[in-house]
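Here the structure is laid out as structure tokens; the discussion comes afterwards.
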Amino acid sequence: MSTKDKVLVLKVGGALMQCEMGMARLMDTAAKMLAQGQKVVLVHGGGYLVDEQLKANGMDTVKLDGLRVTPPEQMPIIAGALAGMSNKILQAAAIKAGVASVGMSLADANLVDAVIKDERLGLVGEVSPKDGSYINFVLSQGWMPIVSSIAVSSEGQLLNVNADQAATVLAKLVQGKLVLLSDVSGVLDGKGQLIASLNRSEIDDLVKLGVIEKGMKVKVEAALEVAELMGQPVQVASWRDAAQLAALAQGEAVGTQIKP
Ligand SMILES: Nc1ncnc2c1ncn2[C@@H]1O[C@H](COP(=O)(O)OP(=O)(O)O)[C@@H](O)[C@H]1O
Ligand SMILES: CC(=O)N[C@@H](CCC(=O)OP(=O)(O)O)C(=O)O
């Protein structure tokens with residue numbers, strides 16, 4: 001299978017939804033890729049919107065090791081911000097760029113199995129791939145799935161899944177190529193310089209030193225899991241950087257390569 005035959009699983013972080021220009025550029029890039037026959041799954045976060053909505057409802061944000069502690073009373077607001085607001089803002093940007101999309105979440109069509117990850121985190125989900133038939137059907141129609149990281153357990157409980165982890169599961173489900181786009185150009189070293197590539201032992205060292213922390217720690221660990229499982233590099237780059245997006249559309253390596 002050539003690289004282009006592989007589905008591209010593109011994950012964007014929540015800061016994108018606050019940047020009209022960033023969304024327009026990203027969707028133009030997606031439109032170009034689709035026109036070239038490249039299948040794209042867009043997975044999104046929305047952490048900033050969740051923070052805003054919790055605040056507007058008088059609730060606090062607590063994070064543990066980059067993951068949001070999710071008490072039951074926050075779940076409706078979190079689901080609304082991610083599966084509702086963020087998902088539809090991105091669909092609107094897609095439509096504006098001429099991209100036909102299907103807005104969905106991890107709860108759709110048996111995509112994943114979801115369980116509570118760790119009682120200390122409340123309603124945070126851990127997901128594993130289950131059934132790719134619906135997402136593959138959507139891709140076969142030339143539509144772009146836009147997927148939020150809200151899942152539902154077999155007991156019918158809504159669960160909040162970190163969006164980088166959601167992207168890894170979808171990459172496994174469609175055997176795709178994973179690119180994680182954030183608001184930084186990649187993984188940065190202690191001096192703020194872009195690191196071109198990282199393997200497990202280098203990541204462990206930088207985590208121990210506290211250079212890679214919070215959301216970036218979750219991200220590189222998610223990337224490493226897919227890189228090792230699928231024997232291919234995962235890229236961490238930025239949706240803000242027009243040059244990186246243009247290179248991505250050409251199938252070039254961008255940002256930091258997380259290598260098996
Ligand atoms: N070594 C690092 N290099 C780059 N960013 C880092 C690093 N360590 C921590 N970060 C933080 O991680 C953030 C990206 O993670 P996160 O906020 O979860 O992004 P997203 O919402 O795009 O998934 C950066 O904006 C930065 O604040
Ligand atoms: C469990 C957990 O942390 N869930 C995340 C889901 C959204 C997300 O990951 O958004 P970004 O990609 O913008 O960071 C949250 O509630 O913020």
Side-chain angles (χ1 to χ4, degrees), residues 9-31 40-63 66-109 111-112 114 121-125 127 134-135 138 143-153 156-167 169-170 180-183 214-215 218-219 222 238-240:
V9 177
L10 209 54
K11 186 266 172 174
V12 291
L16 174 69
M17 273 73 89
Q18 305 191 310
C19 179
E20 287 284 336
M21 199 214 259
M23 279 194 290
R25 214 151 44 195
L26 178 85
M27 293 304 174
D28 284 344
T29 306
V40 182
V41 174
L42 188 67
V43 187
H44 65 86
Y48 281 87
L49 266 166
V50 174
D51 291 349
E52 252 177 45
Q53 290 303 305
L54 289 177
K55 199 167 168 212
N57 284 278
M59 293 173 178
D60 285 336
T61 287
V62 179
K63 291 211 171 177
L67 299 178
R68 185 185 308 277
V69 178
T70 304
E73 65 274 18
Q74 292 192 2
M75 198 60 236
I77 295 165
I78 295 172
L82 296 177
M85 226 184 277
S86 302
N87 194 267
K88 296 314 142 197
I89 289 173
L90 285 172
Q91 272 201 290
I95 289 171
K96 201 171 165 187
V99 172
S101 67
V102 174
M104 51 202 279
S105 80
L106 295 178
D108 291 318
L111 280 176
V112 301
L121 293 169
L123 297 179
V124 168
V127 282
Y134 177 58
I135 202 163
V138 170
W143 301 325
M144 181 170 77
I146 300 185
V147 193
S148 79
S149 62
I150 293 296
V152 175
S153 72
Q157 175 63 62
L158 283 177
L159 295 173
N160 177 16
V161 178
N162 166 272
D164 294 314
Q165 295 172 354
V169 166
L170 291 170
L180 301 172
L181 296 179
S182 183
D183 57 349
K214 299 181 182 162
V218 176
K219 201 181 296 298
S238 174
W239 51 261
R240 273 193 207 283

Spatial distance of atom CD1 (I78) from atom OG (S149) [nearest 0.5 Å]: 10.0 Å

How close do G215 and D164 get, counting heavy atoms only, and between which atoms? O-OD2, 4.3 Å

D51 meets the side-chain hydrogen bond (donor to acceptor under 3.5 Å, both in side chains) criterion, sequence neighbours left out, with T61, R68

Kindly compute the distance separating CE (M59) from CD1 (I77), expressed to the nearest 0.5 Å. 4.0 Å

State the CZ-CG distance between R240 and L16, to the nearest 0.5 angstrom. 9.0 Å

Does the side chain of V161 come within less than 4.5 Å of V169's, by heavy atoms? no

What one should report as the nearest heavy-atom pair of S148 and S105 is OG-CB, 3.2 Å

I want to check something: taking the side chain as every heavy atom from C-beta on, are L42 and L26 in contact at a cut-off of under 4.5 Å? yes

Do L123 and N160 come within less than 4.5 Å of each other through their side chains, counting heavy atoms only? no

For the student: nearest non-hydrogen atoms of A109 and Y134, plus distance: CB-CB, 3.4 Å

With a 4.5 Å limit on heavy-atom distance, are the side chains of Q53 and L82 in contact? no

Heavy-atom closest pair, residues I150 and A79: CD1-CA, 3.8 Å

For residues M17 and G45, report the shortest heavy-atom separation together with the two atoms involved. CE-O, 3.2 Å

Check the surroundings of atom NZ in K55: do more than 12 heavy atoms from other residues, nucleotides or ligands lie under 6.0 Å from it? no

Do S153 side-chain atoms and A114 backbone N/O form a donor-acceptor pair below 3.5 Å? no

So, taking the atom named CD1 in I135 and the one named CG in L111, what distance separates them when rounded to the nearest 0.5 Å? 5.5 Å

Would you name the heavy atoms of D183 and Y48 that are closest together and state the gap between them? OD2-OH, 4.0 Å

Just how far is it from atom NZ of K11 to atom NZ of K219, taken to the nearest 0.5 Å? 3.5 Å

Heavy-atom side-chain proximity of T70 to L159 below 4.5 angstrom: no

Would you say CD of Q18 has more than 12 non-hydrogen atoms from neighbouring residues, nucleotides or ligands within 6.0 angstrom? yes

Working to the nearest 0.5 Å, report the span between CD of Q165 and CG of L67. 5.5 Å

Quiz: residues 89-104 side-chain donor-acceptor pairs under 3.5 angstrom, not counting sequence neighbours:
{"residue": "Q91", "atom": "OE1", "partner": "K88", "partner atom": "NZ", "Å": "2.7"}
{"residue": "Q91", "atom": "NE2", "partner": "S101", "partner atom": "OG", "Å": "3.1"}

